[in-house]
Amino acid sequence: MTQGESDRSAEAETTGAQTPYRSGFVAVVGRPNVGKSTLTNALIGTQIAIASSRPETTRKAIRGILTLERAQLVLVDTPGIHRPRTLLGQRLNDMVDESLSDVDAIAFLLPADQEIGPGDTMILSRLRSQYGKGQAGAHAGAAGTGERPSSDGQDAKDVWKVPVIAVVTKIDTLDREALISKLIEVEQFGAFTDIVPVSALKHDNLDEVRSLLVDAMPEGPKMYPDEQLSEERPEDTIAELVRGAFLEELDDELPHSLAVVVDSVIYPDEDAEAYNATDKVRVLVSIYVERDSQKPIIIGKGAQHLVQVKKRLRTPVNRIIGSKAKLELHVKVSKGWQSDPKKLAKLGF
């Protein structure tokens, strides 16, 4: 070997040893209540989105940022895709379509403890229509007839324009034999790029999910600072925390028509004559329901629900604001807001 050949060989080895940085967007999709927010929170390592056992908890496309040594992923936690009963429901579905419009990979969540059903078939149909290659998109038509699309033995590279990874969630609810049967069922359901089982609740197999998502990303630069965990404004994050706290506080009593908006964040005026260093930041929050009869449910006897929510959120709100804050909750009625375009716009939908 000549000196030149030796130098080129050494250079090739060095280049091959360098791992390229990867970055991109992953849409986390699935039916309502399949564990999208729980998985997003577990992958990021902190609460980014509300996680609840109630269906249709997520009402916005929450973007969580996962920064690793050689990759950065933006996980877009989408509302559950469903057949809408209100204008709000249609807006949520539209939000999912928008989130899917420009992503580098898709994590399609299928719960291990539930049968694959019409809702899953509808989502697969959407994905095939938007991201299917060639004849793959044509298979979507089967979903409309109630016939389940199958993989038809196709290689995933021939089916999808971007990687579509089936994430089988809630595996802690199955024994080994049942899990194997479920994975076979998922494999037959669609020609996915990869299939990975996970229990976000038990943090089982999360590393494998991260690894698959990183491998699915294109090479690219870091998009956000290491310390940034979300794209959400502080006001939006606080509003979601308040709604999540009421989900936990009231459980089945909570009206589905609850909406939360942070109207303003008022900082003490240090130049004011009456300024006191112990003054807190005021966070003014409006909580909307659709009927007068729902207000007492939210407030509780002796305002106990409001008091409990304030106590629960004291520390996280202080952390978001960066100072001691006072949460001021006001319950209001906005009749029929879920089906009123103007009211939906006012509430951020």
Side-chain angles (χ1 to χ4, degrees), residues 14-29 35-51 58 60-79 95 98-109 162-165 167 169 193-194 196 198-242 244 262 265 267 281 283 313-325:
T14 302
T15 303
Q18 293 176 345
T19 304
Y21 199 89
R22 296 181 179 274
S23 63
F25 292 78
V26 181
V28 183
V29 304
K36 296 183 294 296
S37 296
T38 303
L39 179 63
T40 300
N41 291 338
L43 289 171
I44 300 296
T46 189
Q47 182 172 349
I48 298 297
I50 299 175
T58 301
K60 295 186 178 180
I62 308 294
R63 294 172 180 246
I65 301 165
L66 172 61
T67 302
L68 305 169
E69 185 179 353
R70 296 304 309 165
Q72 188 175 74
L73 282 67
V74 180
L75 303 175
V76 186
D77 178 22
T78 63
M95 202 179 295
E98 186 179 342
S99 299
L100 286 171
S101 64
D102 190 22
V103 295
D104 301 291
I106 296 163
F108 181 6
L109 272 57
V162 301
V164 178
I165 299 168
V167 182
T169 60
T193 309
D194 277 295
V196 58
V198 69
S199 170
L201 200 62
K202 303 289 186 181
H203 285 233
D204 184 8
N205 215 34
L206 279 175
D207 287 342
E208 181 64 19
V209 176
R210 287 192 191 96
S211 178
L212 284 175
L213 294 179
V214 168
D215 289 344
M217 293 296 98
E219 294 182 19
K222 187 179 293 184
M223 299 176 286
Y224 300 92
D226 289 355
E227 65 275 9
Q228 188 169 344
L229 299 176
S230 173
E231 271 195 354
E232 300 305 296
R233 297 184 311 131
E235 291 87 348
D236 293 334
T237 301
I238 292 171
E240 284 295 279
L241 284 175
V242 171
V262 174
V265 178
Y267 290 84
V281 178
V283 181
L313 296 183
R314 184 178 297 141
T315 299
V317 170
N318 287 349
R319 190 178 296 124
I320 292 168
I321 296 297
S323 176
K324 288 189 175 182

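Owing to the predicted nature of the structure, the values given are computational and were not obtained by experimental measurement. Note: hydrogens, waters and symmetry copies are ignored here, and every other heavy atom, side chains too, is used.
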Quick check for you: to the nearest 0.5 Å, what is the distance between [X] atom [atom1] and [Y] atom [atom2]?
X	Y	atom1	atom2	value
Leu43	Leu39	CG	CG	4.5 Å
Arg70	Met217	CZ	CE	15.5 Å
Leu313	Ile238	CG	CD1	9.0 Å
Asp104	Leu213	CG	CG	11.5 Å
Ile320	Glu235	CD1	CD	10.0 Å

For [X], all residues meeting side chain to side chain contact (heavy atoms under 4.5 Å, CB included), sequence neighbours excluded:
X	value
Ala216	Ala105, Pro163, Ile165
Thr67	Tyr21, Ile65, Gln72, Lys222, Asp226
Ser211	Asp215
Val214	Arg22, Leu68, Ala71, Leu73

Problem set entry | Non-hydrogen side-chain atoms of Val198 and Leu206 separated by less than 4.5 Å |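 Yes. Closest side-chain heavy atoms under 4.5 Å.
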
Problem set entry | Residues in side-chain hydrogen bond (donor to acceptor under 3.5 Å, both in side chains) contact with Asn205, at least two apart in sequence or another chain |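 None.
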
Problem set entry | Any residue meeting side-chain hydrogen bond (donor to acceptor under 3.5 Å, both in side chains) with Ser23, in chain and number order, not counting sequence neighbours |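 With sequence neighbours excluded, Ser23 shows a side-chain hydrogen bond (donor to acceptor under 3.5 Å, both in side chains) to no residue whatsoever.
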
For this session: Applying side-chain contact (heavy atoms from CB on, under 4.5 Å) between Val167 and each of Asp194, Val196, Val29, report the one that passes.
Result: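 Between Val167 and the candidates, side-chain contact (heavy atoms from CB on, under 4.5 Å) is satisfied uniquely by Val196.
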
Problem set entry | Derivation of the side chain to side chain contact (heavy atoms under 4.5 Å, CB included) call for Asp236 and Glu240 | CA-CA 6 Å; Asp236 293 334; Glu240 284 295 279; 5.7 Å; no

Please give me the minimum heavy-atom distance between [X] and [Y], naming the atom from each residue.
X	Y	result
Ala239	Val262	N-CG2, 3.8 Å
Ile44	Gly64	CD1-C, 3.6 Å
His203	Ala42	NE2-CB, 4.3 Å

